[in-house]
A.B. asks: 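The structure that follows is given in the form of structure tokens.
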Amino acid sequence: MCGIVGYIGKKNAVPILMDGLSSLEYRGYDSAGIAAMDKGQLCMSKRAGKLKILAECLKKNPVKGAIGIGHTRWATHGEPNEINSHPHYSCKSDFVIVHNGIIENHHELREKLKKEGHKFRSQTDTEVVVHLIEKLYKGNLLKAVCAAIRQLHGSFALGVISTHHPDMLVAARKDSPLIVGVGKGENYIASDVPAILKYTREVIYLDNNEVAVLTRDKVALYNTKEAPIKKKTAKIKWDSASAEKAGYPHFMIKEINEQPQVLKTILNHRIKGNRVVFEKFNISEAKLKKINNIQIVACGTAYHAGLCGKYILEKLLRLPINVDTSSEFRYRDQIITKGRTLIIVVSQSGETADTLASLREAKKKGAVVASICNVVGSSIARESDGVIYTLAGPEIAVASTKAYTAQLTTFYLLGIYLGRIYGTVSDKATKKLLGELAKVPGLMTQSLKEHKKVKKVADQYIRRYDYRLAEQLMFLGDEIWRFKDPKKALAFAQQCAKKSHSAYGKRFGDFPFLYLGRNVNYPSALEGALKLKEITYISAEGYAAGEMKHGPIALIDEFPLVVCITPQSAVYEKMLSNIKEIRARKGVVLSVATEGDKEIRKKEYSDYVIEIPKIDEFFSPLLVALPLQLLSYYIAVGLKCDVDQPRNLAKSVTVE
Ligand code: F6R
């Protein structure tokens, strides 16, 4: 969470910092700020709210300087107001800092520094760091930063500049991502590659407890004891265009549409003849042969991919497979057998704090750790014994889409790969499975062509509930139906309800969604519900359809929309029975069904139907994901929600 960026060179740093922050806004968007230094004078500008508010402010009151740092915040300590926004100054405003992470011992440090006379301006944990540097500074900025971070507990990626060193930017990291961009006559720091990709492709990935001193012409690296270290630069292969919207209105819809291509890329890279190949997967066959149980660990959408991974691996490997959310796994008394337990951590960003902590915990206990990761060079990728990259390219929208289907695909491939080693997947089976997988990109393209049908369902849903809500607000059913346009009906109802009625504020609160699925599509139900709630703020639950009778059925009346994931499968009839139970209670049903399924279209089953192309049930989660993503997207757009940057969320959860 939070994005930081820094520049030192000959140009004006401010547009470069603002540009970098705009690509990092996915990491947090509660507030933003920059500081730049011109002829030894520090100048700062920061604002609560999104980056565009800061940009407006900079238009009126420009800031300039050939060295600067910037920050976009996801608040942890202290509300997201201007004072708590980064950068933060020292008492004499001669040091300024941006920080991503959490300083766990900030309270005791703050109390101590206060007693020593330091004056704090904000409620943030970050501010202690700049006061600590100020206190420890004896003419050498590197020494002061190193001395300060030796006293810090917790996580940090830091950028520091000072009026005492107008030609120097110091950066440091522990448990929060940070890269150094190496340019010609200019250098950069950033939380993530897209922030600097327009300017350079040469990057250094800082590891924990490493410090970088950047001048215009040089990047020098040290450990926290100030001893110089050497590291190689890596060349970024993808270009900045893949981190841009390319004509789409939102990153989310762009990324949804990229899925067929992402799958093609994965299959092209990973399948050689009748074999799955993971190059540079540093876990030997001998090690893998010793494995007798597998534990999958991840958060959010990646957890849902992991849950589906359990179904996939169980079927292909016939081994006990467990799956857990990282935040639970890391504190459990896990059963790990040294050299026998394979932990598979799944993460798009490769920086999720709980997943990283789980990985470390499992490693400490002797597990073999493999990761399924999207961001190349991320902490999780680097700390795993073996990494399989998902090759989805940068995912910018906060709601994960293409990374999810890339993770699922990787699980299918991993299942085949391990199944060959364990002797549970024969040559013939491999051929059949790979043959089915190879059809998926084409079927995805076919499915995405039908996106207007999903939009229509989304629009119908909004229309229906606009009327319903208007009705509710008016407490006068008939009166409201004289309007031809539901928006007008709603506006009229709102006008009548005025402030005396708070129901409009809870728009859709009374109309939740319930997503039901079985078997491999139970995780699809969870993921469908997560996608909807995170970008539309409509409450949504995902359930195993068989669990409906054990509680959720109490929710059913004519208000909730029940999304039933019912492709042709071994559990199709069971799903139909569930739907009947819902219909018997006046439930409104949207079925996600296989094309050509006439039965499900009957009024006794469905009010709305979205079709997916025919596919083997085992691979159906790959296709089911798409219309569910589109449904959430179009409802969010219809409700004028901030699709790419939903409230309270951030793309990369680097704090616990
Ligand atoms: C939801 C979403 C989150 C992430 C979760 C894990 O759309 O994106 O639930 O899946 O925060 O993030 P990674 O995969 O980066 O570990």
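For the numbers below, each heavy atom of this structure counts, side chains included, while hydrogens, waters and symmetry mates do not. Read the numbers this way: they start at 1 and go in the same order the structure lists the ligands and their atoms. Numbering of residues begins at 1 and proceeds along the displayed sequence.
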A.B. asks: Show the atoms of ligand 1 that are less than 4.0 angstrom away from any heavy atom in Ser349.
C.D. replies: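 The list of qualifying atoms is 13 (P), 15 (O), 16 (O).
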A.B. asks: Does ligand 1 have any atom sitting under 4.0 Å from a heavy atom of Val398?
C.D. replies: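 The answer is yes: ligand 1 sits under 4.0 Å from a heavy atom of Val398.
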A.B. asks: Tell me: protein heavy atom nearest atom 7 (O) of ligand 1, and distance?
C.D. replies: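 Going by distance alone, atom 7 (O) of ligand 1 is nearest to Glu534 OE2, 2.5 Å.
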A.B. asks: How far is atom 16 (O) of ligand 1 from its nearest protein heavy atom, and which residue and atom is that?
C.D. replies: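 That would be Thr352 OG1, 2.4 Å.
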A.B. asks: Heavy atoms only: give me the nearest Tyr404-Ser524 pair and the separation to one decimal.
C.D. replies: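 Minimum heavy-atom separation between Tyr404 and Ser524: OH-CA, 4.2 Å.
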A.B. asks: Can you figure out which of Cys299, Ser326, Gly300, Pro646 has its heavy atom closest to atom 6 (C) of ligand 1?
C.D. replies: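 Among Cys299, Ser326, Gly300, Pro646, the closest heavy atom to atom 6 (C) of ligand 1 belongs to Cys299.
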A.B. asks: Which protein non-hydrogen atom lies closest to atom 14 (O) of ligand 1, naming both residue and atom, and how far is it?
C.D. replies: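 For atom 14 (O) of ligand 1, the nearest protein heavy atom is Gln348 N, 2.6 Å.
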A.B. asks: For atom 3 (C) of ligand 1, find the nearest protein heavy atom and state the residue, atom name and distance (0.1 Å precision).
C.D. replies: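 Protein heavy atom with the smallest distance to atom 3 (C) of ligand 1: Thr301 N, 4.0 Å.
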A.B. asks: Looking only at the side chains, is there a donor atom on one of Asp175 and Ser379 sitting less than 3.5 Å from an acceptor on the other?
C.D. replies: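 Judged by distance alone, the side chains do not pair up.
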A.B. asks: Taking only heavy atoms of Ala302 into account, list the atoms of ligand 1 that are under 4.0 Å away from them.
C.D. replies: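 This gives 10 (O), 14 (O) as the contact atoms.
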A.B. asks: In terms of residue, atom name and distance, what is the protein heavy atom nearest to atom 11 (O) of ligand 1?
C.D. replies: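 Result: Val653 CG2, 4.0 Å.
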A.B. asks: Look at the aromatic rings of Tyr633 and His250 and report parallel, tilted or perpendicular, splitting at 30° and 60°.
C.D. replies: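 Judged by the thresholds at 30° and 60°, the geometry between Tyr633 and His250 is perpendicular.
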A.B. asks: In terms of heavy-atom contacts, does NZ of Lys315 have more than 12 from other residues, nucleotides or ligands at under 6.0 Å?
C.D. replies: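 Count not over threshold, so no.
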A.B. asks: Judging by distance only, is a nitrogen or oxygen of Leu530 under 3.5 angstrom from one on ligand 1?
C.D. replies: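 There is no such contact.
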A.B. asks: Could you list the atoms of ligand 1 found under 4.0 angstrom from a heavy atom of Ala399?
C.D. replies: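 In order of number, 7 (O).
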A.B. asks: Is the distance between the ring centroids of Tyr461 and Phe513 under 6.0 Å?
C.D. replies: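 Ring centroids of Phe513 and Tyr461 are less than 6.0 Å from each other.
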A.B. asks: Can you name the atoms of ligand 1, numbered from 1 with element, that are less than 4.0 Å from a heavy atom of Lys531?
C.D. replies: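 In order of number, 1 (C), 7 (O).
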A.B. asks: How close do Thr355 and Val297 get, heavy atom to heavy atom, and via which atoms?
C.D. replies: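 That would be CG2-O, 4.1 Å.
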A.B. asks: Please indicate whether any nitrogen or oxygen in Thr355 is less than 3.5 Å from any nitrogen or oxygen in ligand 1.
C.D. replies: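 For ligand 1, there is no N or O atom that lies under 3.5 Å from one belonging to Thr355.
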A.B. asks: Report yes if some N/O of Ser400 lies less than 3.5 Å from some N/O of ligand 1; otherwise report no.
C.D. replies: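 The answer is yes, given that Ser400 and ligand 1 share an N or O pair closer than 3.5 Å.
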A.B. asks: With side-chain contact (heavy atoms from CB on, under 4.5 Å) as the test, pick out the partner of His451 among Ile256, Leu630, Ile253.
C.D. replies: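 Running side-chain contact (heavy atoms from CB on, under 4.5 Å) over Ile256, Leu630, Ile253 with His451 returns exactly one hit, Leu630.
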A.B. asks: Closest approach of Asp125 and Gly101, non-hydrogen atoms and distance?
C.D. replies: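 For Asp125 versus Gly101, the nearest heavy atoms are OD2-O, 3.8 Å.
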A.B. asks: Which heavy-atom pair separates Ser378 from Ser349 by the least distance, and what is that distance?
C.D. replies: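 Answer, listing the atom of Ser378 first, then Ser349: CB-O, 3.3 Å.
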